[in-house]
Amino acid sequence: TDGLVEARRGGELFGPARLAELVMRHAAREPLERLVRSVHDGVLDWAGRLGDDVVALALRRRLAS
């Protein structure tokens, strides 16, 4: 949902670029369950609180053998 990208600190939005950077920082080294929690926690740490709905889904593409 838009709750992560629209998280605010003062008048500044977290935004899609900051979200993409946060996901990339954690995606390669964490299992999906932890990735979702790390992204949520990262946005919460930045904003201080989340005032909107937040739903996140993480998928990992499995490469063909």
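All values below come from the heavy atoms of this structure, side chains included, with hydrogens, waters and symmetry mates left out. All residue numbers refer to positions in the sequence shown, counting from 1.
Leu57 belongs to a hydrophobic cluster with Leu59, counting contacts under 4.5 Å between side-chain heavy atoms of Ile, Leu, Val, Met, Phe, Trp and Tyr, direct or through other members.
Looking at heavy atoms from C-beta onward, Val43 lies out of side-chain contact with Val5 at the 4.5 angstrom threshold.
Val36 and Val54 are members of different hydrophobic clusters when ILVMFWY side chains are connected at heavy-atom separations under 4.5 Å.
In terms of heavy-atom proximity, Ala58 sits nearest to Leu32 at O-CD1, 3.7 Å. Trp46 and Arg8 get closest at one heavy-atom pair: CZ3-C, 3.8 Å.
In terms of the side chain to side chain contact (heavy atoms under 4.5 Å, CB included) criterion, residue partners of Arg37 (sequence neighbours excluded) are, by chain and number, Arg34, His40, Asp41.
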Quick one: side chains of residues 15-29, donor-acceptor pairs under 3.5 Å with protein atoms, not counting sequence neighbours, listed by atom name and distance.
residue	atom	partner	partner atom	Å
Arg18	NH1	Glu12	OE2	3.4
Arg18	NH1	Leu13	O	3.2
Arg18	NH1	Phe14	O	3.2
Arg18	NH2	Glu12	OE2	3.0
Glu21	OE1	Arg25	NH2	2.7
Glu21	OE2	Arg25	NE	3.2
Glu21	OE2	Arg25	NH2	3.4
His26	ND1	Arg29	NH2	3.3
His26	ND1	Glu30	OE2	3.0
Arg29	NE	Arg25	O	3.3

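Among residues at least two apart or in separate chains, there is no salt bridge (charged side-chain N to carboxylate O under 4.0 Å, His left out) pair with a member in residues 54-65.
For the atom pair Leu4 CG and Asp52 CG, the distance stands at 9.5 Å (nearest 0.5 Å).
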